[in-house]
Amino acid sequence: MAQQDAESPSRVDEAEYASLASDLRDAVDGQVRFDEYSQILYATDGSIYQARPAGVVTPRHATDVQDAVRVAADYDVPILARGAGSSLGGQAVGPGCVVLDMSRHMDSLVDIDEDDREATIQPGIVQDVLDEHLARYGLKFAPDPASSNRATVGGGIGNNSTGAHSVRYGITDAYTEELKVVLADGSLLHTREVVLDGEEWDEIVAKDTREAEIYRTVRTLVEGNADEIEDRYPKLKRSVSGYNLHKVIYENDDGERVINLSKLFVGAESTLGVVVEATLSLVTRPEETALALYCFEDLVDAMEAVPEALDFDVSAVELMDDEVFRLARDSPEFAQYADPIPEKTAASLMIEFDSELVDDFEDAVAETNAHFHDAGKAFDVIEAYTDDEQAKLWKLRKAAIPLLMSLDGDPKPYPFIEDATVPPEELAEYVQSFEDVLIDHGTSAAYFAHAGSGTLHIRPILNLKDDDGIQMMQSIADDVTDLVLEHDGAFSGEHGDGLARTEFNPKMYGESLWAAFKDVKDVFDPEWRMNPGKVVYRDDDPTDMRENLRYGAEYSSIEPATKLDFDEEGGFSQLVELCNGCGNCRQPDRDVMCPTYRASEEEIQATRGRANLLRAAISGELPEEELYSDRFQEEVLDLCIGCKGCMNDCPTGVDMAKLKTEVKHQAHQHHDPGIRDRLFANIDTLSALGSRLAPITNRLTELPGSRLALEKIFGIAADRELPTFEAESFEEWFESRGSGVPLREADDKVLLFPDTYTNYSHPLTGKAAVTVLEAANVHVEIPDDVGASGRPAYSKGFLDLAEKRARRNVNALRPYVEDGWSVLFIEPSDAVMFQDEYRSLMQGSAVETVSENAYSVLEYVDTHRLDDRMLFEESDESLSYHGHCNQKAMNKDHHAVGVLRRAGYAVDPLDSACCGMAGSFGYEAEHFDLSKAMGRILFDKVEASDTDSVVAPGASCRSQLGDRADATKPPHPITKVAEALVD
């Protein structure tokens, strides 16, 4: 039997496929999962569709793919190859399929040929990861879809993807030179340029093989349909529907007529075979770029400007409408990027220039300004020359799709016709006709586009939980295909066919080419088992875009009675359903979300995976009590560390930390939570006892066998260093010392909250905070009528206890706040507890007042520029700054960096996720390995940062960082600020 990774003991194969799963395990080295959870996790992609597969195989190498395909063939079960599952047309969804997840193990960069500008890759490599490797050679892979931070290159090949720079570079088929593909019988085909009627051609077709039959058939189909190919394929930079019969035979650079089956596999959506290796041509990376964003008061005016923009030396022309800006302004993550856009902007054109096309950016922008802005066609222009300025505009543009899916309520701007493409000079006329279609159907739409290539993303707003909405979807699609044909356009210029558009391929290509498509499918896949129903379909089993919907007329979900307030999110179920499957939580190494996925690369540990399983639980797809089962709690919820990254990084704002806490609370009503969870929920009480008995308590954990006993009795990891306690607490120190700045002489007055960690384990950090604040002439008091923040209780789902503590603190602090005091926190998670979670635990003016006046200590210093009142020593010390994930989610992480820099330090803010400790998570024995894996990701970033030392405000983060080899526990940044003060 082949070697298998460890599987969860609770994963049981669904009986219908148990024999198939067993044979696959015998055949392959990768993981094989046919349990119900895995089926649900892979039932959706970024589209509107859902269909349960039979199971999932994560192949480790090409031989695994071959063996899996052969076993599936023995059972007559279809095969579906999948990357990140970010596809928008339903390409990665297939009922009853064996899904091959190519993203887990087959994700390597095999080779780079710098001289020939080529790279050989495995299909699971993420595009941004590939481009990071290529950047050191000054090269890149030209197609750049908006999903490049998580989309795999193999998925891009299957979809024939492109992006904002198709004006300059074209699409994926232009850069795919050679492929290694596993065919439906498990054989391996190597595709490359073969000179027609040359020696290699004769050698291939002379054999009685599948390869020979394929070559002969494809040539016959292309040459026999030459006139139809010329007439029916759109003359556009972007056209990705159907099979690439128009590109498979061509004249190469040497003037030879060649056939290259690689071009046929590009855009085939794994319906002809599974790509296991690809050789790609690359382009040079421009050293610099510049952007000019032109603001128009009318959408049609912006459309009419597109062909005019193409008269300049541009590398991209992008369009966004006012709906995108509106949604961005309402989004915690994207509001800052939409702020510069004038309110009256109905649409904008974003034009990019690069240094390979123009010599002087300012001259180039001045020329377009004269044409668009100065001539009165656009009323305003935003110029961006620095990388940071441009990144903000691109981030806004790339977020358009998921932002639109964050609309409240059931009607959403759904993708099903969103990438129809027409000649750019016909965009304005096309849009006006499209508006008529929308009016006829009584709906509206949002617009954004790769306008320079004529691709207009239009998403009609429909309710697909309603039968009328579903029928309207098909009717609109039918009308739009008529419009596209009128304009000699392509029904898909970017997102492919999938389940959404395959239905219309006969109409788009005509009878002869549709027959040719089916002949292509026949010769590559005689049994039609490779991702069936995409690109082509059998006459007796037509693809219908109304089937296999994630939300159909029969869909319903429960709205549970909740302890937390979900009104702002539209309810518990609405928050769950905000996940549209875009997969942004799978990005490998940016922002905070999702740290457990980065460490494990398991779909179940991404926010999308958890949301899919939650949705299955509240919609009846899973048994009613499954939500509270040990399996659901342990495999789905317990591995969410509550970092809150998804609250900010998820473009639709799926706050999984809040959802998890509510469900944990509900689960506690069904089952006893256990002694360990109760201990951690009351860690303040234990810490107070530990401090009173110190140093005896510190020595107890060092006794031989004590750590092992803790693990066996309480499940606390024996290998994890435990906190130590100080005999004199921070509160006791302050009480004996008193405030150093008299109230009557102070410029400000604050209450410094005595969090559990600072109070009992690291009072020196609290002392540093007092020193800094008093250096700014702030009167400091430690409130003696407050209790623990309730953060540990909240994190563990003890919401009644958390609410009790919230009410005590709010009631105690409200009079002070109303009298002009601010409440400050050294521990970031406690600050965010007051700023955010308290508002879900209780309502009313009291909590709002306290919350609005709660700050982390350096947030307060920065917001009020208290450091302007301080004097600092000159310093040449450099610091790496690891921010707290909760503060990053609240967009409050930058404050500490600003203060440290003004205090004289050179600071490198790390683009890091959660450290892996996450409060009690890193102490739990069953989570120890995952916690350390997350920690290693952070450690690598610290090592890569060329600084003297690292600082971190979070107590848990400092504990994890202190566990590095030959490392000491780093300080809180407030300590470094205190050290920099002039004595």
Side-chain angles (χ1 to χ4, degrees), residues 128 131 135 140 142 144-146 148-149 163-169 285-297 301-302 305-306 308-322 324-329 331 333-375 377-401 403 447-453 457 590-591 651 891 894 909 911:
D128 278 3
D131 280 337
K140 68 175 182 176
D144 58 341
S148 62
N149 63 354
H165 294 87
S166 59
V167 167
R168 171 103 150 84
Y169 298 112
R285 181 186 296 267
E287 292 184 5
E288 294 180 287
T289 57
L291 285 175
L293 186 143
Y294 294 95
C295 303
F296 296 82
E297 293 187 44
D301 289 346
V306 171
E308 299 171 24
L310 296 174
D311 290 336
F312 298 93
D313 291 324
V314 299
S315 53
V317 180
E318 296 289 293
L319 179 138
M320 291 177 280
D321 79 345
D322 54 354
V324 174
F325 301 140
R326 184 187 70 78
L327 290 169
R329 290 188 182 101
S331 164
E333 181 182 6
F334 296 103
Q336 58 182 311
Y337 308 125
D339 281 346
I341 310 297
E343 287 285 345
K344 65 178 182 178
T345 306
S348 71
L349 278 188
M350 190 167 72
I351 298 175
E352 184 192 76
F353 304 89
D354 71 50
S355 55
E356 294 184 348
L357 294 177
V358 300
D359 295 325
D360 188 302
F361 288 142
E362 292 189 1
D363 284 351
V365 172
E367 190 176 1
T368 52
N369 281 351
H371 186 85
F372 294 117
H373 181 232
D374 300 344
K377 297 180 180 182
F379 72 86
D380 200 358
V381 59
I382 299 170
E383 299 176 15
Y385 296 98
T386 69
D387 290 344
D388 184 58
E389 290 170 338
Q390 293 176 65
K392 290 176 181 177
L393 292 176
W394 278 118
K395 190 157 188 178
L396 179 63
R397 166 61 189 88
K398 288 191 173 189
I401 289 176
L403 271 173
Y447 295 79
F448 58 103
H450 303 300
S453 297
H457 293 318
R590 286 186 180 85
D591 300 326
N891 288 315
H894 60 283
D911 184 7

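These numbers come from the heavy atoms of this one structure, side chains and all, not from hydrogens, waters or symmetry mates.
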- When you measure from the side chain of Asp144 to the backbone N and O of Ala164, does any donor-acceptor pair fall under 3.5 Å? yes
- Item | For Val306, all residues meeting side chain to side chain contact (heavy atoms under 4.5 Å, CB included), sequence neighbours excluded | Leu349, Pro424, Leu427, Ala451
- Task: Could you list the residues that satisfy side chain to side chain contact (heavy atoms under 4.5 Å, CB included) with Ala347, not counting sequence neighbours?
- Result: Leu299, Ala302
- Qualifying salt bridge (Lys or Arg N to Asp or Glu O under 4.0 Å) pairs, either residue in residues 380-390, two or more places apart: Asp388-Lys392
- Message: Show every salt bridge (Lys or Arg N to Asp or Glu O under 4.0 Å) that has at least one partner inside residues 347-367, sequence neighbours left out.
- Response: Arg168-Asp354, Arg168-Glu356
- Note on the structure: The side chain to side chain donor-acceptor pair (under 3.5 Å) partners of Thr345 (sequence neighbours excluded) come to none
- Residue pair Phe296 / Ser348: nearest heavy atoms and the distance that separates them: CD1-CA, 4.4 Å
- Message: Ignoring hydrogens, what is the shortest heavy-atom contact between Arg285 and Asp131? Give both atom names and the distance.
- Response: NH2-O, 3.0 Å
- Task: Report the C-alpha distance between Trp394 and Met350 in whole Å, list the side-chain angles of each, state the deciding distance to 0.1 Å, and finish with yes or no for side-chain contact (heavy atoms from CB on, under 4.5 Å).
- Result: CA-CA 9 Å; Trp394 278 118; Met350 190 167 72; 3.6 Å; yes
- With sequence neighbours left out, the residues meeting side chain to side chain donor-acceptor pair (under 3.5 Å) with Asn149 are Asn584, Gln587
- Query: From Ile351 CD1 over to Leu310 CG, what is the distance, rounded to the nearest 0.5 angstrom?
  - Reply: 8.5 Å
- Least distance between heavy atoms, Val314 atom then Val167 atom: O-CG1, 4.2 Å
- Message: Looking at every heavy atom in both Leu396 and Met320, which two are closest together, and how far apart are they?
- Response: CG-SD, 4.0 Å
- For Arg329, check salt bridge (Lys or Arg N to Asp or Glu O under 4.0 Å) against everything at least two apart and list the hits. Glu343
- For residues 352-375, the ring-ring contact (aromatic ring centres under 6.0 Å, His included) pairs (sequence neighbours left out) are Tyr294-Phe372, Phe312-His371
- Does the ring center of His450 lie less than 6.0 Å from the ring center of His165? no
- Go through the structure and list residues passing side chain to side chain contact (heavy atoms under 4.5 Å, CB included) with Asp322, not counting sequence neighbours. none
- Taking Gln390 for its side chain and Thr289 for its backbone only, find out whether a donor-acceptor pair lies under 3.5 Å. yes
- Item | Pairing residues for Asp321 by the salt bridge (Lys or Arg N to Asp or Glu O under 4.0 Å) criterion, not counting sequence neighbours | none
- Lys395 meets the side chain to side chain donor-acceptor pair (under 3.5 Å) criterion, sequence neighbours left out, with Glu333
- Within a strict 4.5 Å, meaning less than it, do heavy atoms of the Ile382 and Ile341 side chains meet? yes
